[in-house]
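What follows is a set of notes on a single structure, which appears directly below.
A quick note: this is a predicted structure, and the numbers were derived from the prediction, not measured. Note that ligands are numbered from 1 as they come in the structure, with each ligand's atoms numbered from 1 the same way.
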Amino acid sequence: MTKKCITILGIESSCDDTSAAVIKDAKILSNIVANQEVHQDYGGVVPELASRAHQQNIVPVVNQALKIANISKEQVDAIAFTRGPGLMGSLLVGTSFAKSLALALNVPLIDVNHMEGHIMAHFIDEGQEMPVFPFLCLTVSGGHTQIVHIEEHFKMTVIGETIDDAAGEAFDKSAKILGLQYPGGPLIDKYAKKGNPTAFKFTKPRVKDLEFSFSGLKSNILQLVQREQKKEVDFIKNNLEDLCASIQHTIIEILLEKVGNAVKETGIKRIAIAGGVSANSGLRKALKDREKSHNWKVYIPKFEYCTDNAAMIAIVGYHKFLQNKFTDSSITATARMKLGLH
Ligand code: KG4
Ligand code: ZN
């Protein structure tokens with residue numbers, strides 16, 4: 001008898017992307033993401049607007065994910081959803097929807113930690129080489145910057161963390177100083193490609209071995225820009241590419257210095273990256289270069305699994321399904337949620 005495949009519907013709504021994905025065992029059949037452009041004019045995510053947009057998007061996004069996967073609701077074996085961390089109003093939409101749908105279809109419900117999803121995206125089967133345990137993951141997103149030590153699928157420990165801003169925030173806040181639209185990370189990446197990464201020098205933070213800090217960089221950039229604008233009104237416009245390249249270079253140096261410290265402390269040379277900032281082309285290249293120069297083994301996710309998506313929630317759902325890690329409808333969303341707690 002052939003083994004039955006497991007089909008999971010994943011739902012993600014922790015911040016400003018509404019997403020649904022269907023996974024069959026470890027292979028993705030669909031991964032639909034509805035971005036919320038409404039926040040661009042405000043220079044950041046407006047929580048109230050985000051939850052309203054999730055309410056509007058969730059049904060069409062789920063229907064589209066099922067349609068692209070070419071399955072009916074009745075073929076879904078379980079529903080996995082993001083429980084936290086994230087914006088409470090946004091999480092509530094996905095959580096309530098997942099609970100209702102699981103109840104209506106009479107299938108099990110699986111709660112997923114969003115940050116674990118970012119890391120586990122590496123186990124989506126795209127025919128690529130998957131990380132071998134134990135490995136370290138640099139998880140860099142809009143809300144988090146962590147170095148995580150992963151021993152098994154559900155055994156992970158945060159060994160390093162930011163004491164103030166996240167790496168994604170450092171990109172977005174720097175971009176805001178330069179007058180770029182939210183989210184500024186991808187725009188800095190774009191302009192940095194044509195700039196000189198050593199044109200401007202910024203000071204590096206002085207924090208403990210495995211800690212990150214980005215708030216000083218932000219003040220440093222602001223001071224430089226204000227000082228230079230007094231001499232040259234169009235300073236930003238005339239130096240945009242060099243500014244972006246230098247900012248990106250500094251953030252990457254800070255991140256990789258800490259990864260280097262983590263390698264020294266743990267003796268583990270297998271390094272993965274995850275989260276929205278792992279889409280950054282400079283970071284991806286710098287890490288690839290270290291693979292050769294430092295003899296590391298590096299795992300870089302596909303672009304579509306870097307920023308928020310439901311495929312990463314569905315793959316966690318699949319592994320939890322295999323281990324019978326289900327929840328029930330008394331579960332509630334939680335804005336703060338630690339890694340590794342089940
Ligand atoms: O993981 P994510 O989609 O959402 C959170 O969980 O926060 O990460 C979003 C962050 C934003 O700060 C965004 O500017 C950043 O990831 N980001 C980038 C790039 N693409 C997204 N930062 C630098 N370069 C990129 N190419
Ligand atoms: Zn995220």
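With a 6.0 Å cutoff to the six-membered ring centre and a 45° limit on the axis angle, K325 counts as a cation-pi contact of F154. Remark: R227 is not positioned above the aromatic ring of F235, lacking an NZ or CZ atom under 6.0 angstrom from the ring centre and at most 45 degrees off the axis.
In terms of protein heavy-atom proximity, atom 26 (N) of ligand 1 is closest to D189 OD2, 2.9 Å.
Residue nearest to atom 8 (O) of ligand 1, selected from S278, G276, G117, A166: G276 (by heavy-atom distance). Among T82, D172, N280, the residue whose heavy atom lies closest to atom 12 (O) of ligand 1 is D172.
Taking distance alone, with nitrogen or oxygen atoms compared against 3.5 Å, D308 approaches ligand 1 more closely than that limit. Considering backbone and side-chain atoms together, G185 places an N or O closer than 3.5 Å to an N or O of ligand 1. Between G184 and ligand 1, not a single N/O pair is under 3.5 Å apart. For the pair G275 and ligand 1, the shortest N or O to N or O distance does not fall below 3.5 Å.
Taking 4.0 Å as the cut-off, H118 counts as a neighbour of ligand 1 on heavy-atom distance.
Counting heavy-atom neighbours within 6.0 Å of E37 CD, excluding the residue itself, gives a total of 12 or less. The 12-atom threshold is not exceeded at NZ of K73, counting heavy atoms of other residues, nucleotides or ligands nearer than 6.0 Å.
Between the side chain of D164 and the backbone N or O of F214, at least one donor-acceptor pair lies under 3.5 Å.
Counting heavy atoms under 4.0 Å from ligand 1, residue H114 touches it through the side chain alone.
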